[in-house]
Amino acid sequence: MTSAEPTPPESVAAFPIRDYDLEATLTSGQAFRWQRLDRGWEGVIGARWLRVSATADTLCVQTAEPVSDWQWLIDYFQLHVELDRVLATFPDDPPMRAAVAACRGLRLLRQDPWECLASFLCSSSKQIVQIRQIIALLCERYGEALVVPPGHTPVSAFPTAARLAACTEDELWECKLGFRARNLSFAAQMVADGRIDLERLRRLDCAAARHQLFRLCGVGRKISDCVLLFAYGFQEAFPIDVWVRRALHQLYFPRRHLTARPLEKFTLTHFGPHAGYAQQYLFHYMRTKRGGRTAPPSAGAAPDRLRT
DNA sequence: GCCCAGGTGAAGC
DNA sequence: GCTTCACATGGG
């Protein structure tokens with residue numbers, strides 16, 4: 001090619017990175033469709049199949065079709081975020097130091113609001129491996145087929161709200177959703193017919209956006225916080241699930257019983273302006289550290305209660 | 001077989 | 001305000 005021609009779109013690209021742990025990021029329960037494949041990861045962002053891999057200083061990306069503008073990828077992986085600045089805002093206490101030491105390089109992704117919302121509607125009281133199964137079925141059955149490399153097994157996009165709204169509740173039930181089928185069905189209808197506008201939430205503040213998400217059946221504090229954090233990037237959102245609750249009890253309040261309210265209050269003030277980021281470190285740390293699964297939240301809780 | 005999972009909403013106290 | 005329970009299902 002001559003230099004006079006405009007730069008042709010490419011299907012491979014490399015981006016400089018630093019402090020980016022792709023494995024921790026893609027396995028930390030934010031996104032549920034990434035598959036490890038030999039040295040890289042395969043997944044779907046929007047309507048694009050892609051393969052990514054990382055070295056210490058480079059993120060390598062391959063798509064099935066040429067790409068002229070990579071902004072969608074930069075947004076999704078949040079490549080512009082300087083992790084140092086985020087980590088510097090974390091409280092300097094033993095639990096956070098341990099969590100950062102264990103999974104430094106873990107990042108928050110920026111996902112599509114509908115995919116994120118629908119995914120976490122499937123998540124309640126399910127293990128991550130099961131959530132992945134549910135979502136795989138939804139995509140396989142109701143997602144739009146995507147262009148993949150020659151010879152590659154077919155891959156589909158995450159199903160649109162309109163497509164899931166057109167499903168019967170039984171059809172969703174068949175995707176192993178159980179009692180979550182009704183909530184997903186209602187949410188899909190609300191989004192598809194415009195009763196809730198997920199794009200508009202971007203312009204609201206965190207509390208107002210949360211208030212809107214609460215209008216959906218099956219969306220409470222935890223699921224709304226996941227969407228606010230993983231899709232909209234509200235850094236103050238702090239999802240408290242069984243693992244994070246366990247982390248808070250074990251690491252910050254051993255031998256004390258804190259109820260949900262004071263625990264939430266603690267998280268609102270203690271973890272700083274990037275509390276949601278800190279939460280993700282605690283979550284992944286608890287799930288991956290040796291013995292993390294032992295000692296459930298209430299085990300060994302002393303009778304002395306913190307006055308509320 | 002048993003326990004538990006990135007929960008929520010309702011009921012009872 | 002807090003605790004308990006039903007809601008389905010399957011992984012380990």
Side-chain angles (χ1 to χ4, degrees), chain A residues 24-34 99 103 106 108-109 111 115-138 169-187 190 210-211 213-231 234 237-250 256-265 267 275-299 301 303-308:
Chain A
T25 300
L26 298 181
T27 61
S28 64
Q30 312 176 54
F32 302 99
R33 298 198 64 197
W34 290 98
C103 41
L106 170 62
L108 287 180
L109 301 169
Q111 301 179 61
E115 176 169 347
C116 189
L117 169 63
S119 295
F120 280 97
L121 273 170
C122 302
S123 77
S124 59
S125 208
K126 278 288 182 195
Q127 297 176 1
I128 288 178
V129 57
Q130 295 174 298
I131 301 167
R132 292 172 57 88
Q133 289 171 4
I134 292 169
I135 290 170
L137 281 172
L138 287 172
E169 213 174 295
D170 283 347
E171 285 175 323
L172 297 183
W173 195 281
E174 292 300 315
C175 295
K176 305 191 177 187
L177 273 158
F179 63 84
R180 303 156 198 83
R182 169 163 294 182
N183 292 336
L184 181 60
S185 177
F186 284 166
M190 295 265 291
R210 178 183 286 119
H211 189 70
L213 292 172
F214 278 170
R215 293 170 52 214
L216 298 162
C217 294
V219 175
R221 179 70 190 209
K222 192 269 169 182
I223 291 180
S224 65
D225 272 351
C226 285
V227 178
L228 292 168
L229 184 62
F230 302 143
F234 288 112
F238 195 100
I240 301 177
D241 76 319
V242 290
W243 288 99
V244 174
R245 185 172 301 116
R246 188 174 295 156
L248 294 170
H249 277 119
Q250 285 183 10
R256 264 197 264 180
H257 177 79
L258 280 190
T259 55
R261 192 60 65 163
L263 207 58
E264 179 196 323
K265 199 164 183 179
T267 66
Y277 235 106
Q279 171 277 152
Q280 196 64 10
Y281 271 79
L282 288 175
F283 177 78
H284 194 63
Y285 172 54
M286 289 301 283
R287 279 177 43 84
T288 53
K289 81 179 179 122
R290 209 185 73 80
R293 189 177 291 276
T294 60
S298 56
D304 58 315
R305 288 159 179 261
L306 190 82
R307 192 163 295 282
T308 54

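The figures here come from the full heavy-atom set of this structure, side chains too, leaving out hydrogens, waters and symmetry mates. Note that the structure is a prediction, hence the values are computed from the model and not measured. Residue numbers begin at 1 in each chain, while the letters A, B, ... track the order of the sequences.
- Counting non-hydrogen atoms under 4.0 angstrom, Ser28(A) reaches a base of the nucleic acid.
- Of the two residues near DNA chain B, Cys217(A) and Gln279(A), the one whose nearest nucleotide lies more 5' is Gln279(A).
- Residue contacts shown for Gly29(A) include a base, since a base heavy atom lies under 4.0 Å away.
- Leu213(A) places its CG atom 11 Å from the P atom of dT8(B), with the value rounded to the nearest Å.
- Distance check, rounded to the nearest 0.5 Å: CZ of Phe230(A) to CG of Leu109(A) gives 8.5 Å.
- Between the C1' atom of dA5(B) and the CD1 atom of Ile134(A) lies a distance of 11 Å, rounded to the nearest Å.
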Nucleic acid footprint by protein, nucleotides 5-12 of chain C - heavy-atom cut-off 4.0 Å, B for base, S for sugar-phosphate alone: --BBBBB-

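- Separating the CD atom in Gln127(A) from the CD atom in Gln133(A) is a distance of 9.5 Å, to the nearest 0.5 Å.
- The separation between Phe214(A) atom CZ and dT8(B) atom C1' is 11 Å, rounded to whole Å.
- Here the P atom of nucleotide dA10(B) and the CZ atom of Arg221(A) are 18 Å apart, to the nearest Å.
- With P as the reference atom, dT8(B) and dG10(C) are 22 Å apart, rounded to whole Å.
- The distance from atom CG of Leu263(A) to atom C1' of dG7(B) is 16 Å, rounded to the nearest whole Å.
- One distance of note links CD of Gln30(A) with CZ of Phe120(A); it measures 7.5 Å at 0.5 Å rounding.
- In this structure, CZ on Arg256(A) lies 11.5 Å from CG on Leu263(A), to the nearest 0.5 angstrom.
- Nearest nucleotide to the Asp241(A) side chain, out of dC2(C), dG7(B), dT3(C): dG7(B).
- Regarding Arg261(A), its CZ atom lies at a distance of 14 Å from the C1' atom of dT3(C), rounded to whole Å.
- Between Cys122(A) atom SG and Lys176(A) atom NZ the span is 13.5 Å, to the nearest 0.5 Å.
- Look at CZ on Phe283(A): it is 10 Å from C1' on dA5(B), rounded to the nearest Å.
- When the shell of 6.0 Å around CZ of Arg261(A) is examined, it contains 12 or fewer heavy atoms from other residues, nucleotides or ligands.
- Using cut-offs of 30° and 60° on the angle between ring planes, the pair Phe283(A) and Trp243(A) is perpendicular.
- dC4(B) and dC5(C) have their P atoms separated by 15 Å, with the value rounded to a whole Å.
- The CG-C1' distance, from Leu121(A) to dG9(B), rounds to 14 Å in whole Å.
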